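To find a chain, count down the sequence lines: A is the first, B the second, and so on, and within it residues start at 1. Since the structure is predicted, the reported quantities are computational estimates derived from the model, not experimental observations.
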Amino acid sequence: MNAPKPAPYNHALIEKKWQEAWQEAGIYTVADSVPGKENYYTLVEFSYPSGNLHVGHWYAFSVPDIFARYKRMQGFNVLYPMGFDAFGLPAENAAIKQGADPKVWTYEQMEKMRTQLRSMGAMFDWEREIVSCDPIYYKWTQWMFNQFLKNDLVYRAVTKVNWCPKDMTILANEQVTDGVCERCGTEVVQRDQEQWMIRITKYADRLVDDLDELAWPNAIKEAQKNWIGRSAGSELSFPLVGTDNTIDVFTTRADTLFGVTYVVIAPEHTLVSELLSRVENADEVLAYIADTKKKSELDRQQSKEKTGVQLKGVMAKNPANGEAVPVWIADYVLAGYGTGAVMGVPEHDERDREFATKYNLPIVDQPLVDAKEITETVGGKMVSTYRLRDWGISRQRFWGCPIPIVYDPEGNAHPVPDEHLPWILPSDVDHTPDGTAPLARSKELFERTESIFGKGWRPEVETMDTFVDSSWYFYRYLDNKNTESFASESVRDAWMPIDLYMGGAEHTTMHLLYSRFWVKALHELGLVKENESYVMRRNRGLILGPDGNKMSKSKGNVIDPDEIVSRLGADTVRLYLAFMGPYGVTGNYPWDPNGVVGVHRFLERVWKLKEKIGKGAPTNLLHKTIKKMAEDIEEYKFNTAISAMMILLNAWEKEDAILLEEYKTLLQLLAPFAPHMTEELWHELGETESIHLSAWPAYDSTRIVDDSVTLGVQINGKVRDELLVATNASKEEIEAAALALPKIQGHLAGKEVKKVIVVPGRAINIVASE
RNA sequence: GCCCGAGUGAUGGAAUGGUAGACAUAGAGGACUUAAAAUCCUCAGGCAGAAAUGCCGUGUGGGUUCGAGUCCCACCUCGGGCACCA
């Protein structure tokens, strides 16, 4: 009879068993402080409850989990929390299309996702879960809004919004494709809308300058700098001939001031209405302005051909030489950038030249002067201007955080006092779009407002941009049940700032910048100590379909993680995603159905390797592997860390036997990657405590150096042979041995050796005459 | 157009200025099997050659260096960001 076959690797059984056991034992519950351990806060962007976990979620959450687990084994008290960014458009769309209640819909999606998220076997501490649409959470979103309002960081302003006349709704930029509404295809128009704004521009300089202190990847910093778009220049006043008024222009080229031949203002410029009375061609000007308004923002951007109209009879004086120049209106000048007016210097600016040529304006060549000097001479000032605009947070939507504002009978806005927070989102709303904010139809909200504030008072009916919810969520994980503050000072001290924030590249300029601003504002208001929220940020790449295209249902290239998990296991999916390439660089990797089988094979081989446990000899390779893996993981190069384990496995499989302790060390190295399988084997080998509570193995530094090493022997930089030498051989010995190699002698025949360079442990280069 | 990245086998990728292609996948050959799958072993950048070996080779062209995938200059291609930004 044959000996009984050892049990095969049954991932389904093992994964279920340990997920339950871990939860039971609470091994992922994180305390705010653990004696002798340093806290380490790893963050990933919380999920939108779309209801179905796709490969992207796995990549976003399970690979950072490897890092978090590694840090934990290294002796850190690691927090790796998860929650839901639960307000947002899809819930509302479901309400409009299917008549669902957005809240019920959202909570259903979250429940589905929690189950799927658990199948990852990640070390999320679910007791710290946050849900941004929960009043216990948004109370503090509203409270912070009030704090900002009190401190002049919030104001009311009229801005342009995308408006779909058919759907009667404001559209977000991403809902507008090629100038039409993505839902109904109707042409989108620009409409003035009064809304609540957050003064992010007040922090523009700090948001740029403080990047220098951060050890972030350069590309991310550059993207933010670019987005903020600080530009240093001069603001100069051009007096209008015959009036007390001036046109203020912004220029980065004050040095070309003497070359100015005209001045242009934006059609929306505040001076326009005043000047109209003095203009000789008012009809023409009005027609031009009307024309501009008809054009969508997109049209204005697309048509590169410059148009404009002269304000006949209006002249501006060049402050440098007193020369009178004509004033024009043109829509290539943007009202929202700089001062909304520019000086035209066709000699030095290509765009100005194009405009001047088209309208026969003079082009004069004048010598350049010193920018700073001339600015001072003409009474201007050196200023910076920014591409960054203030942040409009009002949304005419239902499923968002209510803006805690009420209006008195005279229409003056008042904050809802803190004692009335959370200012609850009502539920009695018809979601059919009719051009007004859904909350305007809530009887409950209006009655509540009157009962608290008095007759004739009415509520704000707009809700906040969901980027507000996500600007501070990382504080709430720290203290998610606190009813006295958004997070207590002691827990913030314990965890902030965040050590590592991994997320999508698409959030580089919006969410990442908003949340940096938010922390700076809280900091300035004395509400938090830190001035920057993220010590390190890494953007991950994208997982593409097997065909190399972005996964999409229409392309039929979508990989369903649930299917792979049930067929090959969560450990395999985690390992495969980590093995595809380095993490934290924005590389996009195609999913290879064969590749995932390959890493599964690796796990099965590790599983089978236990049969070789016996009287083996200690191996140096293990210690090199430990060293290399730690180095690689610290750089998020999980792919090469895995490959190091594969190399070790390949070597051990050739041995007759391996030592129990060494095999267990391999399990520990593999534990962050394949938490379930390693836990099973760990216990099978007699351990009673979780492998995830064990310490990351240390390597023996005396065992990472081999006795001998193979060097490449080059002649004039070309490899001709190799040489096995003792690691401690002297340069002279190596040189002599290399020169004595028969192959080398052959190559050197008739040549003169000029120099020999020995690179210890690497190569020998013999420099010879040709 | 401007800014930031990146170009390496059939594929994902590896390589402190020091033996290019680790590891893995696909592929070829073999073992086991009645057969297939699974598993195991071997080969595997290109060209030439029976082989030994030689020549070529990291987007292109230059350069620095004893030595360049890696550093410098110019260009090409691809990806990302911004864009009538004064």
Side-chain angles (χ1 to χ4, degrees), chain A residues 217-231 233-234 249-253 256 264 266 300-307 330-334 336-345 348-352 354-355 385-387 505-506 508-509 539 541-542 544 546 548 576 579-582 585-599 601-602 604-605 608 631-632 637 639-650 653 710-723 743 746 754-768:
Chain A
N218 186 47
I220 303 178
K221 292 197 208 177
E222 287 300 322
Q224 290 210 346
K225 278 186 197 171
N226 228 300
W227 183 266
I228 296 165
R230 177 165 63 189
S231 165
S234 313
V249 304
F250 173 75
T251 179
T252 55
R253 295 295 309 273
T256 65
V264 192
R300 273 172 80 168
Q301 278 173 23
Q302 272 176 348
S303 65
K304 298 283 177 196
E305 169 117 13
K306 278 156 204 47
T307 59
D331 66 3
Y332 77 85
V333 176
L334 308 173
Y337 185 77
T339 58
V342 301
M343 59 188 211
V345 189
H348 290 285
D349 185 285
E350 226 177 286
R351 198 179 30 190
D352 293 348
E354 199 188 314
F355 192 73
T385 190
Y386 306 86
R387 203 190 75 88
E506 71 277 16
T508 305
T509 47
N539 285 351
L542 221 60
L544 306 172
Y576 176 60
F579 187 59
M580 285 198 296
V585 295
T586 28
N588 297 334
Y589 307 112
W591 179 278
D592 179 357
N594 292 312
V596 73
V597 174
V599 295
R601 221 172 269 163
F602 166 72
E604 287 196 309
R605 284 161 60 197
K608 261 181 72 182
E631 289 165 358
D632 289 351
K637 288 157 77 174
N639 56 330
T640 50
I642 294 166
S643 118
M645 285 187 280
M646 289 172 166
I647 291 168
L648 180 65
L649 175 69
N650 289 344
E653 280 179 335
T710 306
L711 306 179
V713 184
Q714 309 172 339
I715 295 174
N716 293 334
K718 235 174 216 178
V719 181
R720 295 300 181 180
D721 202 356
E722 28 181 62
L723 178 65
K743 245 191 231 175
K754 292 182 175 165
K755 191 163 47 161
V756 179
I757 291 154
V758 177
V759 187
R762 295 283 183 178
I764 309 143
N765 192 17
I766 299 163
V767 186

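Contact of the A:E653 side chain with the A:L649 side chain is registered, since non-hydrogen atoms from C-beta on lie closer than 4.5 Å. Counting only heavy atoms from C-beta outward, the side chains of A:F355 and A:Y332 approach each other to under 4.5 Å.
As judged by a 4.0 angstrom heavy-atom cut-off over every strand, A:G229 is placed among residues making no nucleic acid contact. If you check every strand for non-hydrogen atoms under 4.0 Å, A:K718 touches sugar and phosphate atoms only. Residue contacts shown for A:A223 are absent, as no nucleic acid heavy atom lies under 4.0 Å away. Across all strands, A:F579 comes closer than 4.0 Å to base atoms (heavy-atom distances).
Counting only heavy atoms from C-beta on, A:R387 has its side chain closest to B:rC85 among B:rU39, B:rC85, B:rA22. Out of B:rU39, B:rU19, B:rC85, the shortest distance to the side chain of A:R601 is found at B:rU39. If you check B:rA86, B:rG12, B:rA26 against the side chain of A:Y589, the one that comes closest is B:rG12. Considering only the side chain of A:T710, B:rU19 comes nearest among B:rC40, B:rG54, B:rU19. Across B:rG18, B:rA86, B:rC23, the shortest atom-to-atom separation from the side chain of A:M646 is found for B:rC23.
As rounded to the nearest Å, B:rC32 and B:rA37 have C1' atoms that lie 13 Å from one another. Separating the P atom of B:rU42 from that of B:rU58 is a span of 30 Å, rounded to the nearest Å.
Checked by distance alone, A:K306 brings a side-chain donor or acceptor within 3.5 Å of a matching partner on the base of B:rC84. Within 3.5 Å, a donor on the side chain of A:N765 pairs with an acceptor on the base of B:rC66, or the reverse.
Nearest approach of A:M343 to A:T256, heavy atoms of both residues: CE-OG1, 3.8 Å. Of all non-hydrogen atoms in A:Y337 and A:T385, the two that sit nearest each other are OH-CG2, 3.5 Å.
Consecutive pairing runs in RNA chain B reach the stem threshold at B:1-7 with B:76-82, B:10-12 with B:23-25, B:27-31 with B:39-43, B:45-48 with B:53-56, B:59-63 with B:71-75, where a stem means at least three Watson-Crick or G-U wobble pairs with distances under 3.5 Å.
The phosphate of B:rA22 (OP1 or OP2) has no side-chain N or O of A:N650 nearer than 4.0 angstrom. At the phosphate of B:rC2, neither OP1 nor OP2 sits under 4.0 Å from any side-chain N or O atom of A:N226. Taking side-chain N and O atoms only, A:N639 has a distance below 4.0 Å to OP1 or OP2 of B:rA14. Between A:K637 and B:rA15, a side-chain N or O to OP1/OP2 separation shorter than 4.0 Å is present. An OP1 or OP2 oxygen of B:rG1 is reached within less than 4.0 angstrom by no side-chain nitrogen or oxygen of A:R351.
Donor-acceptor pairing under 3.5 Å is recorded for the side chains of A:R605 and A:N650.
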